[in-house]
Structures are given as structure tokens and as C-alpha cells.
There are 2 protein chains.
Amino acid sequence: MVTTSATPLLPGDPYQADCPTRRILDRIGDRWTVLVIGVLDHGDARFSELRRRIAGVSQKMLTQTLRGLERDGLVRRTVYPEVPVRVVYGLTEAGRTLQEPLRALQQWSIEHLGDVSASQQAYDLRD
Amino acid sequence: MVTTSATPLLPGDPYQADCPTRRILDRIGDRWTVLVIGVLDHGDARFSELRRRIAGVSQKMLTQTLRGLERDGLVRRTVYPEVPVRVVYGLTEAGRTLQEPLRALQQWSIEHLGDVSASQQAYDLRD
DNA sequence: CAGTATCCATTTGGATACTG
DNA sequence: CAGTATCCAAATGGATACTG
């Protein structure tokens, strides 16, 4: 992709409110979004299935998270007007591409969170 | 680093509270952490310099963010006991490695946030 | 089943005043 | 200069009750 935009996105200047890094973190930084994407990456799922598989999520937060992802075009919501109604969620193409950078982040976590925990312990034992 | 832990970190099972993805997002998901890392990646900086370069950050939040990063071993804090005191912050090796997955995320943003904005507009115009 | 609506406790973070 | 301490408004999110 080309960055021909009027705002040249200086690589070292991400401290504006509308910078891409800020926006993506606002998108995925909450408690449930990445978990929903993670589950849906295994395949489509109904609302109740998502709720079961994501331990601890409330109905309100799951709905809210799914609405946000749908609004952003990362998740597709399909309603089958049966009785009772069946609603199936799935990742869009855009949603699927997000998994790659998320996995990079997860990989960093796996490699470094041991050191991070050790550093925290050392820090807390100071003085 | 080796992952010899008793919890094998199933790749498709990131819905536990202590999963690596959750922990790294708790770490970088807040408003200021990635911005601090972004600035420090250009080189060490004093407290006042960070404050100037990160538009909108309050003294309290900058301090809080830096303390958290220091505790995690991602940022090094050096005090020069001059008068007035001079404090210089810099990334540790671990802190520097975090820049790579962050850049991947930023790259995804740059490539997709146009589509996301379009999708939001379409969503909001529905009904 | 898949939500919506409401209430409320906790968390987050900005503003302000003060300090070694 | 580089903080700390305190107060308080707004946002976040869980619990509960209700619905097409």
C-alpha cells in the first residue's frame, strides 16, 4: 500500500490523537475484543457459543464488543430468522488479517513475560 | 528464552485471565505507554522532554507510565544528582524488542483504518 | 436464543497544589 | 527539574431484570 495521504504519518511521530497506532490500540486494547477475534478465527460461532468459550464475559460486554467489531467491518453478523432466532458471527477478510499482528504481539509476550515478571519482583523488593 | 512452564499456552486458548495476549494488552493498551516507547526508541530523553514531545500527557500519567515501564524492565531510569536534578529515560534491550510487534500493529492500522472508517460510516447510516 | 435497558461499583485519568 | 499528593469527573464494565 502507498501512503499518499495529506498527513504523511511520520514514523516517529505517533503522538497525535488520530495516529494509527493510537486508533488500533483503542480498538483492540479493551478486555474482550482480541478474545472474540481469537475464537472467531477458529470458525464462525453463535452468540451463545462465544459466551461459553470466552470465560467471564458478560452478555452486555459481549454484545457491545461484537457491535463494535461489526461496525468496524471486522466481524460479520448473520441473523437466521428461525424460532428461536439464530445469530452467527464470523470474521470478515479484514478481521482475519488482524490476527497476524496480534499473533506477533502474543509471540512477544510468550518470549518476554517471564523476564517482565522477574523484573517486577526485583522492582517490588527494592528499598 | 524457554517456555518450560506448566501451563503450555495453547495457541487457540487465549481466554484465560493470565494469557500472554491479555497481559501484553494490559501493558500497552493504555493511552500513553506506546507513545512513550515510540519517543524513547529515537533515543534517551529527559522527563521534561518526554512531556513536551507527547502532546496532551499530564505529569501524573507520564510519571505513572514511566514507573510501570521501569518496573517491567522495559525502560531504564537514570538519575544524575545535579542541581536541579536531571533524570534520563531510555529503552532497555527488552523494551527495544517490543517496537517490532508494535510496528506490525501500526502497519495494519495504516493499511486498514481507511476501510474501517468507511465501514463505520456505512454502519451509522443504516436503518 | 439473543439480545436491550438500567443501576451502580470500580477504575481511569485530568487538574491543581505542593516539594526536595 | 522532576516529581508526589489529593480531589474529583468521566468512562468502564459487571449484575440484574426484562423482551421479541
Side-chain angles (χ1 to χ4, degrees), chain A residues 15-17 22-23 25-37 39-40 43-72 75-90 123-124 126-127, chain B residues 15-17 22-23 25-37 39-40 43-72 75-90 123-124 126-127:
Chain A
Y15 353 108
Q16 307 308 319
R22 188 84 296 282
R23 288 189 60 198
L25 285 172
D26 282 345
R27 171 68 279 181
I28 65 167
D30 68 285
R31 188 129 332 235
W32 304 113
T33 293
V34 296
L35 302 184
V36 169
I37 293 176
V39 174
L40 291 181
D44 295 359
R46 303 179 58 168
F47 185 87
S48 51
E49 192 179 346
L50 285 167
R51 219 191 150 182
R52 251 185 307 107
R53 302 197 52 182
I54 302 175
V57 72
S58 68
Q59 198 167 35
K60 173 184 163 183
M61 290 315 297
L62 182 54
T63 301
Q64 198 170 295
T65 302
L66 287 167
R67 290 292 171 282
L69 286 168
E70 189 196 359
R71 178 169 181 266
D72 290 350
V75 157
R76 185 184 314 107
R77 177 175 181 268
T78 313
V79 182
Y80 296 93
E82 308 163 354
V83 179
V85 63
R86 183 164 57 98
V87 181
V88 175
Y89 293 91
Y123 184 96
D124 294 342
R126 262 146 56 164
D127 295 85
Chain B
Y15 352 108
Q16 308 308 320
R22 188 85 296 281
R23 288 190 59 196
L25 285 172
D26 282 345
R27 172 68 279 179
I28 65 167
D30 67 286
R31 192 133 325 242
W32 305 113
T33 294
V34 295
L35 302 184
V36 169
I37 293 176
V39 173
L40 291 181
D44 296 358
R46 303 180 58 168
F47 186 87
S48 51
E49 192 179 346
L50 286 167
R51 221 192 148 181
R52 252 185 307 106
R53 301 197 54 182
I54 302 175
V57 73
S58 67
Q59 197 168 36
K60 172 184 165 182
M61 289 316 297
L62 182 54
T63 301
Q64 198 170 296
T65 302
L66 287 167
R67 288 293 172 281
L69 286 167
E70 189 195 1
R71 178 169 181 265
D72 290 350
V75 157
R76 185 184 314 104
R77 177 175 181 267
T78 313
V79 182
Y80 297 93
E82 308 164 353
V83 179
V85 63
R86 183 164 56 99
V87 181
V88 175
Y89 293 92
Y123 184 96
D124 294 342
R126 261 144 61 163
D127 296 86

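Letters A, B, ... are given to chains in the order of the sequence lines, protein chains preceding strands, and every chain is numbered from 1. Values below: all heavy atoms of this structure, side chains included; hydrogens, waters and symmetry mates excluded.
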Taking protein heavy atoms under 4.0 Å as touching, what does nucleotides 6-20 of chain D look like 5' to 3' if B marks base contact, S marks sugar-phosphate-only contact and - marks none? BB-----BBB----B
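A:Arg46 places its CZ atom 10 Å from the P atom of C:dG3, with the value rounded to the nearest Å. Spacing between atom CZ of B:Arg86 and atom C1' of D:dG3 amounts to 16 Å, rounded to whole angstrom units. Following rounding to the nearest Å, A:Leu62 (CG) and C:dC1 (P) show an atom-to-atom distance of 14 Å.
For B:Arg27, the side chain to side chain contact (heavy atoms under 4.5 Å, CB included) partners two or more places apart in sequence, or in a different chain, are B:Ile24, B:Thr33, B:Leu69, B:Asp72, B:Leu74. Taking the salt bridge (Lys or Arg N to Asp or Glu O under 4.0 Å) definition, one finds that B:Arg51 meets it with nothing, sequence neighbours left out. For the side chain to side chain contact (heavy atoms under 4.5 Å, CB included) test, residues two or more places apart in sequence or in another chain that qualify with A:Ser48 are A:Arg46.
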Please walk me through it: do A:Thr65 and A:Val57 pass side chain to side chain contact (heavy atoms under 4.5 Å, CB included)? CA-CA 10 Å; A:Thr65 302; A:Val57 72; 5.8 Å; no
Would you mind writing out the side-chain donor-acceptor pairs for residues 76-83 of chain B within the sub-3.5 Å range, not counting sequence neighbours?
unit_1, atom_1, unit_2, atom_2, d
B:Arg77, NE, B:Tyr89, OH, 3.2
B:Glu82, OE1, B:Arg86, NE, 3.3
B:Glu82, OE2, B:Arg86, NH2, 3.1

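Atom CZ in B:Arg53 sits 11.5 Å away from atom CG in B:Leu35 (nearest 0.5 Å). Interatomic distance, CD of A:Glu49 versus CG of A:Leu40, reported as 9.0 Å (0.5 Å rounding).
Shortest non-hydrogen contact noted between B:Arg22 and B:Asp26 is NH1-OD1, 2.6 Å.
The shortest distance between the side-chain N/O atoms of A:Thr63 and the OP1/OP2 oxygens of C:dG3 is not below 4.0 Å. Contact check, B:Tyr89 against D:dC1: no side-chain N or O comes under 4.0 Å of OP1 or OP2.
When base pairs are accepted only as Watson-Crick or G-U wobble with both N-N or N-O distances under 3.5 Å, DNA chain C takes part in stems of 3 or more pairs at C:1-20 with D:1-20.
Which of D:dT4, C:dT4, C:dC1 sits closest to the side chain of B:Arg67 comes down to D:dT4.
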